[in-house]
Amino acid sequence: MKVFGAILALAAAAVATPAFSAQPVHCPTCVTDSDFRQRAMLEEAVTNAGGTFWVYNLPTGTVQKWYIPRSNGGGGGGGTPRSVLNSAAAAATPRGQQQPVEAHVQAEVQKGRAVYIKGANSLRPLYNVPVEMLNVPAAAARSVTDVLSDANLKAQLESKLGDTDVVASIIGPDLLSAIVDLAQMATNALGLKEGTYVNFRLIMEDGTYIDFHLSVQKTTADAQEDTARTASGQLVPESIQQLNGTWTTNGGADNLDRLGNYFESIGATMIDEGSGGYTSAITCAGGRCIRQKIK
């Protein structure tokens, strides 16, 4: 089986990342030389230590390199450093020296821009994925509560969301190619590799959902903590410590009978109030939940 991260493994393992002499700063609004210089000066004002900065605009694919000498003033004591408080005034002062941008930095910006544009103006695009697309038999008729409580099911879903063919069918071959192209770069001066990943919102058959994160440097996706939600968007707790608040059916969108059974499975004490076989609300505090039952 082809796996997303495996495509990148050889390139990542073979290259030693060199030490870089400049700090990367993203400035999506920078257009003129003055814009780039002022952004570098504002960054220097945070530390008042002087330094060299790669200031890049990912949407336009432009980058400049600026050396900014140490600014006057600075911090001392607690609170906000004086240099930061006066950063607007500092940025208006014409100081700094523009330097040539290295070819590998220019290439990284261009490759990053390709991902950004094809990813709908993001290095971390989010895709809604109906669980049926993954063709995992064990996920049929299951809910997000099953994903949280069944480690084997979660592992199957994480593996599927790392499969190259599955990923390509979701995000499209053009974006996949752009991500792989960026990940295979020999250098990573701006850190765009670490900043690039795909988010999948996996929607179960009952409408409940959970987010998965696929990094360019991993072979499987990772289910993200605290992202499980009911069909209407209510939090699905992962532990008894999170069982605080009230859950409602939200007009019938959420199955509270199933949710109540899950709460019990993670250690909650369930107390029924009312009569009937239908749960209209659940209120929890301190590991104790009251389940409102109606006919």
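Throughout, residue positions are numbered sequentially from 1 according to the sequence presented.
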Asks: Ignoring hydrogens and geometry, is there a side-chain-to-backbone donor-acceptor pair from Lys193 to Ala183 under 3.5 Å?
Replies: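 Checking the backbone N and O of Ala183 against the side chain of Lys193, a donor-acceptor pair under 3.5 Å is found.
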Asks: Any link between Tyr67 and Phe53 through a network of hydrophobic side chains (Ile, Leu, Val, Met, Phe, Trp, Tyr) touching at under 4.5 Å?
Replies: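 Each belongs to a different hydrophobic cluster.
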Asks: For the hydrophobic clusters of this structure (ILVMFWY residues joined by side-chain heavy atoms under 4.5 Å, transitively), does one cluster hold both Phe200 and Tyr209?
Replies: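 Unlinked, Phe200 and Tyr209 end up in two clusters.
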Asks: Could you check whether Asp174 and Ser177, counting side-chain N and O atoms only, form a donor-acceptor pair closer than 3.5 Å?
Replies: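 Per modelled atom types, Ser177 and Asp174 side chains form no pair under 3.5 Å.
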Asks: Give the C-alpha distance, both sets of side-chain angles, the deciding distance and a yes or no for side-chain hydrogen bond (donor to acceptor under 3.5 Å, both in side chains) between Thr32 and Asp35.
Replies: CA-CA 5 Å; Thr32 67; Asp35 293 336; 3.2 Å; yes
Asks: Run through Pro237, Ser232, Cys289 and flag the one making a side chain to side chain contact (heavy atoms under 4.5 Å, CB included) with Trp247.
Replies: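 The side chain to side chain contact (heavy atoms under 4.5 Å, CB included) with Trp247 is passed solely by Pro237 among Pro237, Ser232, Cys289.
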Asks: Please determine, by modelled atom types, if Ser159 and Thr220 share a side-chain donor-acceptor pair under 3.5 angstrom.
Replies: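 Their side chains do not contain a donor-acceptor pair, so the 3.5 Å distance test is not met.
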Asks: Quick check against the 3.5 Å criterion: does Arg291 have a side-chain atom that pairs as donor or acceptor with the backbone of Ile282?
Replies: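 No.
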Asks: What are the two closest heavy atoms between Ala49 and Glu44, and how far apart are they?
Replies: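 Shortest heavy-atom separation between Ala49 and Glu44 comes out as N-OE2, 3.2 Å.
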Asks: Any idea how His104 and Trp54 line up, ring-wise: parallel (<30°), tilted (30 to 60°), or perpendicular (>60°)?
Replies: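 Taking Trp54 first and then His104, their aromatic rings stand perpendicular (interplane angle over 60°).
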Asks: Please check: side-chain N/O of Glu273 versus main-chain N/O of Ile290, any donor-acceptor pairing under 3.5 Å?
Replies: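 A pair under 3.5 Å: no.
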Asks: Measuring only between side-chain heavy atoms, which start at C-beta, is Phe36 closer than 4.5 Å to Cys27?
Replies: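 The answer is no; the side chains never approach within 4.5 Å.
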Asks: Say whether Leu153 and Leu148 are linked into one hydrophobic cluster, either directly or through other cluster members, by side-chain heavy-atom distances under 4.5 angstrom.
Replies: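 Looking at the clustering, Leu148 is in the same group as Leu153.
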Asks: So which atom in Leu175 and which in Val115 form the shortest heavy-atom distance, rounded to 0.1 Å?
Replies: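 Reported closest heavy-atom pair: CD1-O, 3.8 Å.
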Asks: Carefully, step by step, assess Leu42 and Val25 under the rule side chain to side chain contact (heavy atoms under 4.5 Å, CB included).
Replies: CA-CA 10 Å; Leu42 288 172; Val25 182; over 6 Å; no
Asks: I need the minimum non-hydrogen distance between Val216 and Thr196, along with the two atoms involved.
Replies: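 Residues Val216 and Thr196, closest heavy atoms: CG1-O, 3.7 Å.
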Asks: How far apart are the closest heavy atoms of Gly252 and Tyr278, and which atoms are they?
Replies: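 That closest heavy-atom pairing would be CA-OH, 4.4 Å.
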Asks: Would you say that Thr208 contacts Thr145 through its side chain, given a criterion of any heavy-atom pair below 4.5 Å between the two side chains?
Replies: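 No - every pair of side-chain heavy atoms lies 4.5 Å or more apart.
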Asks: Decide yes or no for Gln98 and Arg37: does some side-chain heavy atom of the first lie under 4.5 Å from some side-chain heavy atom of the second?
Replies: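 No, side chains not in contact.
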Asks: Distance from Tyr197 atom OH to His213 atom NE2, nearest 0.5 Å?
Replies: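 It comes to 5.5 Å.
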Asks: Less than 4.5 Å apart, side chain to side chain, heavy atoms only: is that true for Ile171 and Ile179?
Replies: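 A side-chain contact under 4.5 Å exists here.
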Asks: Rounded to the nearest 0.5 Å, what separates atom NZ in Lys160 from atom CD1 in Ile170?
Replies: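 That separation rounds to 10.5 Å.
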Asks: What distance separates Met185 CE from Gln110 CD, expressed to the nearest 0.5 Å?
Replies: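 Met185 atom CE to Gln110 atom CD measures 10.5 Å (nearest 0.5 Å).
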Asks: Does the side chain of Ser275 pick up a donor-acceptor pair with the side chain of Lys293 at under 3.5 Å?
Replies: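 Side chains of Ser275 and Lys293: no pair found under 3.5 Å.
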Asks: Would a 4.5 Å heavy-atom cut-off, applied to side chains only, mark Arg258 and Asp206 as touching?
Replies: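 Heavy-atom side-chain distance check passes, below 4.5 Å.
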Asks: Taking the side chain as everything from C-beta on, heavy atoms only, tell me whether Glu205 gets closer than 4.5 Å to Glu132.
Replies: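 They are in contact (side-chain heavy atoms under 4.5 Å apart), so the answer is yes.
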Asks: Set out, in order, the CA-CA distance, both residues' side-chain angles and the distance that settles side chain to side chain contact (heavy atoms under 4.5 Å, CB included) for Gln106 and Val109, then state yes or no.
Replies: CA-CA 5 Å; Gln106 293 176 339; Val109 169; 5.9 Å; no
Asks: If you take all heavy atoms of Val167 and Leu161, which pair is closest and at what distance?
Replies: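 Looking at all heavy atoms of both residues, the shortest contact is CG2-O, 3.5 Å.
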Asks: Less than 4.5 Å apart, side chain to side chain, heavy atoms only: is that true for Met133 and Val166?
Replies: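 Not touching, per the 4.5 Å side-chain cut-off.
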Asks: Give a yes-or-no answer on whether the side chains of Gln242 and Asp226 include a donor-acceptor pair shorter than 3.5 Å.
Replies: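 Side-chain D/A pair, Gln242 to Asp226: present.
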Asks: Roughly how far, to the nearest 0.5 Å, is CD of Glu225 from CD1 of Ile210?
Replies: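 Taking CD1 in Ile210 and CD in Glu225, the distance rounds to 10.0 Å.
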Asks: Do side-chain atoms of Gln292 reach the backbone of Gly274 as a donor and acceptor pair under 3.5 angstrom?
Replies: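 No, Gln292 side chain to Gly274 backbone: no donor-acceptor pair under 3.5 Å.
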Asks: Indicate the atoms forming the closest heavy-atom contact of Tyr56 with His26, along with that distance.
Replies: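 Tyr56 and His26 have their closest heavy atoms at O-CD2, 3.1 Å.
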Asks: Would you compute the distance between atom CD of Gln156 and atom CG of Asn135 and round it to the nearest 0.5 angstrom?
Replies: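 Answer for the CD-CG pair, Gln156 versus Asn135, is 11.0 Å.
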Asks: Give a yes or no on whether Arg288 atom CZ has more than 12 heavy-atom contacts from other residues, nucleotides or ligands under 6.0 Å away.
Replies: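 Not more than 12 within 6.0 Å, no.
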Asks: Assess the side chains of Thr227 and Asp211: does a donor N or O sit below 3.5 Å from an acceptor N or O?
Replies: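 Absent: no donor and acceptor within the cut-off.
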Asks: Side chains of Thr62 and Asn57: do they bring a donor and an acceptor to under 3.5 Å?
Replies: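 Thr62 vs Asn57: no donor-acceptor pair found between side chains.
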Asks: Any non-hydrogen side-chain atom of Leu176 less than 4.5 Å from a side-chain atom of Pro173?
Replies: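 Result no, sub-4.5 Å side-chain heavy-atom pair not found.
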Asks: Just how far is it from atom CE of Met41 to atom CH2 of Trp66, taken to the nearest 0.5 Å?
Replies: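 These two atoms lie 9.5 Å from each other.
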Asks: Does this structure show an ion pair linking Arg229 with Asp254, if we count only N-O contacts that are shorter than 4.0 Å?
Replies: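 Salt bridge between Arg229 and Asp254, a charged N being under 4.0 Å from a carboxylate O: no.
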Asks: Treat each ILVMFWY residue as a node, draw an edge where side-chain heavy atoms are under 4.5 Å apart, and state whether Leu235 and Met270 are in one component.
Replies: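 Hydrophobic grouping puts Leu235 apart from Met270.
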Asks: Between Asp150 and Arg142, is the side chain to side chain contact (heavy atoms under 4.5 Å, CB included) condition met? List the steps.
Replies: CA-CA 11 Å; Asp150 187 338; Arg142 306 292 289 276; 3.4 Å; yes
Asks: Per the side chain to side chain contact (heavy atoms under 4.5 Å, CB included) rule, which among Ile203, Leu157, Leu134 passes with Val129?
Replies: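 Exactly one option meets the side chain to side chain contact (heavy atoms under 4.5 Å, CB included) with Val129, and it is Leu134.
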